[in-house]
Each structure stands twice: as C-alpha cells, then as structure tokens.
Amino acid sequence: MKNREIAEILSEIAKALALSNDNFFKIRAYERAARAIKDLPEDIEKICKEGSLTDIPGVGEGIAKKIKEYLETGKMSKYEEVTKDIPHSLLTLLDIRDLGSKTLGVLHKELGVLSLEDLKKVIEDGTFAKIEGLGEKTAEKILYNIREYEKRMGKQGRFLLGEVMLTVNEIVKKLKNIDSVTRVIPCGSYRRMKETLGDIDILVESKDNKKVMKKFTSFQEVKKVLESGETKTSVIIEGQGIQMDLRVVPEESYGAALMYFTGSKDHNVHIRSLAQRRGLKINEYGVFRGSMRIAGKTEEEIHKLLHLQFIPPELREDRGEIELAMKGNLPQLVNYNDIEGNLHTHTKYSDGENTIRDLVLKSLELEYSYLGISDHSKTASYANGLSVTELKKQSEEIDRLNEEFNEFTILKGIECDILLDGSLDYDEDVLSSLDYVIGAIHSHFKKNVTLRMEKALENPYLTILAHPTGRLISKRKGYELDIERVMDKAKEREKILEINAYYDRLDLDEHNTREAYKRGIKFCINTDAHNLRMFDWMDLGVGIARRAWLGASAVINTYKLKDLLDLIKRNG
DNA sequence: GCCGTTTTCGGCCCGACTGTTTTCAGTCG
C-alpha cells in the first residue's frame, strides 16, 4: 500500500505552498486530499487502476493526475517543483506547535532559517524576538515546543486508544465530581473509536466555566497548561504526555458542541457547508438562521433539521456517510451491547491469571449469556500450553460449572497453534471433542505464513482464525503474508476471522475488516483476555467493527447461543 | 485545487486563545 507515502507527499506540497504564501484554499485542498488518502480503507493503487481516484472525497482531476503520475513513474513533478527552493528540513519545522507557515516563512526570508539548528540559534541570540509581530513570550513558547518536538521525534506521535482509556476514565470521573458539572463526554477521535489518537478532547456541560477551568488545571494529572480561557483549556497530561483539550458549554449548546468536538474535521466542514447551502449556519453553539438559534441541544435534532439520518460517531470521517444519511441509507451497525460472549479467553490452565469460575462471574457481570474458554495448545510451551490430559481435566471442570450455572453456557474451545506445516496442534479425536477451535500462528512468522494459514483454513476442525495479520500496533509489523489470499480462502471455506481486541493488536484492523466484510466473511470479536480487566477491551473491537461499517449479523458472538452453535457446528 | 438541492464559475466552516498590538494576525482544532 502506497497510501501513506502519497498522503505524505501531498501534505508536504501543502506545507511548501503555505511557506510560499500560495492560495489558502489550494493549500487546504492538498491537506484535505492528504488526510483522505492517509485514512483510506482501500489500496490507492487498486483505486487508481480502476480509474476511480476522483471518487475519493477531496481528490479532483488535478490531484488524481498527480497521484497517477507518481504511481507510474515514482515521481510527482508538482512536488519536485514546489520543493525546489525549500529544503525538507524547513518543511518539518511546521510540525512544531504554534509555529505556522506565516511565521516560519518570515524567519526563512528575513533570517535565512533553514533547519532546526538555525531556528534554535535565532531564538537564543534574540533576533527572533525582534521580528515584527513576535516577541519574548513567543520566543519562549516556541523554544519550549521545540524541546517537546525533539522528544517525540522518531516516535509515532500518536497514542493507542486502549492505552489512554484508563486516563480518560479517571479524568472524566474527576470532572463529574465538580459541583456545577452536569455532563462529561470524551469526543474527538476517542469518540470515533480510532485505534490511535493524537490528543484527547473532552466536552463538559456546566453553567460555571471559571470553576471548571480552575479545578481542571489544578488536577494532579496535569503537567502543563498550554492555554486556558473562558470556554477552552488545553493541557499536557503527566506520564503519557498526551494533550487534553477541555471545552465547556451550556446545556442548550451541548448537541452542537458534541458534533463540533467529535469531528472529524472534514466531516464537520462538509456538514457545515451543507447547512450553509440551506441558508443556515452551524457552530459549536447551535444551528442559526440569521441570528436566531433554531437547534443545538442534541445531535439528533440537528441531524433532523438538516434532513439527515443520525450519523454514528464512528462513521464521521467524510467517507460518503453524509451522502448516505441524506438518502436515509446508512448501514445498521453492530452495537456495543449486542455482544453475547467472549470466545477467546485464557485461564490459569495455560497463561491466564484467573480460574474459569472467575471468568464466568465476570461474564455474568457484563450480562453475557455465554463464554468460550480457549487456552493455549500443547506446542505453545512458552504459554504453558495444555497437554491432552490437562485439556480433558479442563473439560470436566467446564461440565461441572455448566451444571452449576444453568442459565449460562461455557463453551469448550482452544487457541490451537498452526504448526510449521500448516497442521493443527492436536489429533482429530481431541479436536472433535471441542465446541470450536481457534487457529493461531505464534511462531515462525516469516515461514510460509500464507500457505500455512490456507492449509489450516482447509482443516474441517478449524472454526476461527485468530489475529489474522499478527501485527502489534506499536511494536511489530505482522506476519509476512498475503492477507487477500487468506481472506479468499476463509470465504471459500466459510471460516470466521477474529477481530482481536487486545489493545495493542486490534487485528484485523478496520481496513482489512472492511475488505473482508465486502467479501461476505463473518467475524468474531474477542479480547484475548488473560485477566478480568482485559474483558473491558471488547468495546475496542466493536469500535473497529463499527468503523468498518459491520452489521450485527456479521459478528457471530452477537448471536444467541443456539444460532452460534448452529454456525460453529456446521463449521467445525 | 475542489465542487455543485441557487453554480462548470466563484465560492470555499467557524470560533477560541494568545501575544503583540491599541484592533488584529497567527495558530489551532
């Protein structure tokens, strides 16, 4: 996939144009196209071959032609042209907070700044502060931001959703405890359930802005206050170093503020221009006709006023959801409370921390109606995989517990290693004694992974393929495999692909999930839980499913027990 | 450079905060 590569080039063109003071709207067009391509679910080369580049929102004839040129020749002449007199080292300086193209353009022109070293030098020798419009305070602020920039250089610069969830929950709880606060909702990419976040946006409903801001900035989690006004405050959070933006609005504006603060940016721009064409104006305080506010209290009433079906946050990416909402054709998405059970879980029998009973009680707390136990198979010695004898012992314990909890069902499963030759880790008679088998690759990531998976998918006993690409978001790229072939085989053999909601895996990701969904493949959302707390990651997996536009019928662990058994028995 | 429920030309979302200014430009989301 060259999506990221092309997005980066378009973004650099935008930066170069900005430094040359080119047309503002042209710059924005490049930025928008770059964002759309970076987050595109499909492979851009495939789209180009189909001749449908201009179907991408924000890509017109001009940019399509440039992308085509790049894919065919490996070069983009527009990029070469605009960066001819602007070194790459200058463009990267635009990633420093509060240093925009206007300021950097002046520094380049008047002080000859070309690099980070140059920039530091002109700040330290005082020439920076002498430029008209700048000053000591700005110099100090930029210097601080340079240090922060240097710290995150080389790092991804984004945070994992599952990683920031705890921090967010803590702070939401504290905010709710403030007297005048009536509602607190995390917005932004957090609410849209993107797998990684750049920052955290929190919306508060209160009549006493000053009090909220004062309390918030004094929370012990706050490391530095970037800015703080009547309605908006930005801080850096201790530990993770993530930025948190807090916005306070009154009740009558809460719906409009939710929409504004949830984004995405492109979705908002699209919605607002739609309103504009109807003679309306939308901002974070409401929908206005002239100076009259005619809506704003809830998101639902704003959608209704614009003749739009309600658009769930996870779809708000300007990928065609607005057009569908206009026609009332949005997909019915799987819901967070549709999940009936977790089928990929580990117990003390292998490398989990809890007993089967503990997991049953946790499942009951979550109002699940069944639970699948899937400890590791015998070859997975590093994870204390189960011998045939141990598996039998576990089976007997499950029988006893099933009698004890008669309204609830525990299913017998296994996370079975797919071996080097593509075979499964137990004999047929063992596999056939189980309710279902999850196949997983845990070793030899570079050896014939595609072939091994294909062979495993042909095995009649395999039910579900675990974490199909093997990636770890922040650490490991994944197996060397042809995921398209694996998807085709899964479809052919009617096998189920797992959406593994372990916070660092999130595998399949939303793009592959959407591709597989288009093929008519079914999924199972699991948390791969090794302890009770990990059960709470289920929402991450449902978030991926929703972002990939999946309906509940594509997710087998939303089925009632009987339907689930029908499916996996037929399958296994 | 993109785009169309007044348009294939002439628009392009909207507002908060800060610092350097005496009314606003730059940056951000």
Side-chain angles (χ1 to χ4, degrees), chain A residues 10 13-14 17-18 21-36 53-67 78 82 94-107 128-142 145 187-190 197-203 209 213 225-235 243-249 253 256-257 259-288 306-308 318 322-323 326-327:
Chain A
L10 293 176
I13 291 177
L17 292 174
N21 268 324
D22 208 307
N23 179 299
F24 172 74
F25 296 104
K26 196 199 283 186
I27 296 164
R28 221 172 59 181
Y30 275 102
E31 285 171 350
R32 184 182 173 209
R35 273 196 305 274
L53 282 173
T54 52
D55 288 352
I56 302 167
V59 177
E61 293 298 329
I63 291 181
K65 214 172 131 192
K66 294 176 177 79
I67 294 171
K78 178 74 179 179
V82 297
L94 287 172
D95 294 334
I96 296 166
R97 191 186 162 86
D98 294 325
L99 184 61
S101 58
K102 290 284 192 303
T103 309
L104 192 59
V106 171
L107 295 176
F128 178 99
K130 291 204 180 76
I131 299 273
E132 198 188 332
L134 301 177
E136 287 300 336
K137 278 198 163 179
T138 307
E140 208 177 298
K141 186 166 78 179
I142 297 290
N145 290 339
C187 296
S189 35
Y190 186 92
L197 319 173
D199 62 8
I200 301 167
D201 305 303
I202 303 221
L203 186 65
N209 295 36
M213 295 312 184
V225 178
L226 296 173
E227 59 181 41
S228 184
E230 278 274 301
T231 66
K232 185 186 164 190
T233 287
S234 295
V235 304
Q243 182 176 328
M244 185 175 277
D245 297 336
L246 191 82
R247 199 69 197 248
V248 184
V249 295
S253 298
M259 287 182 68
Y260 154 73
F261 220 23
T262 297
S264 71
K265 183 189 175 83
D266 292 319
H267 175 92
N268 281 351
V269 170
H270 195 151
I271 291 274
R272 285 178 177 191
S273 52
L274 197 76
Q276 201 183 37
R277 285 200 294 277
R278 293 191 180 141
L280 303 171
K281 184 181 77 169
I282 299 185
N283 57 29
E284 56 264 54
Y285 300 108
V287 184
F288 297 82
L306 297 173
H307 306 293
L308 292 171
D318 198 21
I322 295 172
E323 290 81 353
M326 279 159 105
K327 295 184 214 137

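Chain identifiers are assigned alphabetically (A, B, ...) following the order of the sequence lines, protein sequences preceding nucleic acid strands; residue numbering begins at 1 within each chain.
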Spacing between [X] atom [atom1] and [N] atom [atom2], to the nearest angstrom:
X: A/L226; N: B/dC28; atom1: CG; atom2: P; result: 12 Å
X: A/E230; N: B/dG15; atom1: CD; atom2: P; result: 17 Å
X: A/I13; N: B/dC2; atom1: CD1; atom2: C1'; result: 15 Å
X: A/K141; N: B/dT27; atom1: NZ; atom2: C1'; result: 8 Å
X: A/I56; N: B/dG1; atom1: CD1; atom2: P; result: 17 Å
X: A/D266; N: B/dG29; atom1: CG; atom2: P; result: 15 Å

Just call it for [X]: base, sugar-phosphate, or nothing, with non-hydrogen atoms closer than 4.0 Å on any strand.
X: A/L99; result: sugar-phosphate
X: A/L280; result: nothing
X: A/R28; result: base
X: A/I27; result: nothing
X: A/R247; result: sugar-phosphate
X: A/S234; result: nothing
X: A/K26; result: base
X: A/N268; result: nothing
X: A/M259; result: nothing
X: A/Q276; result: sugar-phosphate
X: A/E136; result: sugar-phosphate
X: A/K65; result: nothing

(message) Quick one, A/L226 and A/R97 - any side-chain contact, counting heavy atoms below 4.5 Å?
(response)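 Yes, side chains in contact.
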
(request) Determine whether A/Y190 and A/I202 make a side-chain contact, defined as any pair of heavy atoms from C-beta on separated by less than 4.5 Å. (result)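 Of all side-chain heavy-atom pairs linking A/I202 with A/Y190, none is under 4.5 Å.
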
(request) Tell me the partner of B/dT8, counting only Watson-Crick (N1-N3 plus N6-O4 or O6-N4) or G-U wobble (N1-O2 and O6-N3) with both under 3.5 Å; none if nothing fits. (result)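 Pairing partner: none.
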
(request) Mind telling me if B/dT7 is syn or anti? Syn here is a glycosidic angle within 90° of 0. (result)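 B/dT7: syn glycosidic orientation.
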
Given [options], identify the nucleotide with an atom nearest to the side chain of [X].
X: A/A29; options: B/dT20, B/dC14, B/dC2; result: B/dC2
X: A/Q243; options: B/dC13, B/dG29, B/dG15; result: B/dG29
X: A/N283; options: B/dG15, B/dT27, B/dC28; result: B/dG15
X: A/D201; options: B/dG29, B/dT20, B/dT27; result: B/dG29
X: A/Y260; options: B/dG19, B/dG26, B/dG29; result: B/dG29
X: A/K265; options: B/dG15, B/dG19, B/dG29; result: B/dG29
X: A/R32; options: B/dC2, B/dT27, B/dC28; result: B/dC2
X: A/F25; options: B/dG1, B/dG15, B/dT5; result: B/dG1
X: A/N23; options: B/dC17, B/dT27, B/dG1; result: B/dG1

(request) Considering just the side-chain nitrogens and oxygens of A/T231, establish if one lies under 4.0 Å of OP1 or OP2 belonging to B/dG15. (result)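 Answer is no, no contact under 4.0 Å.
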
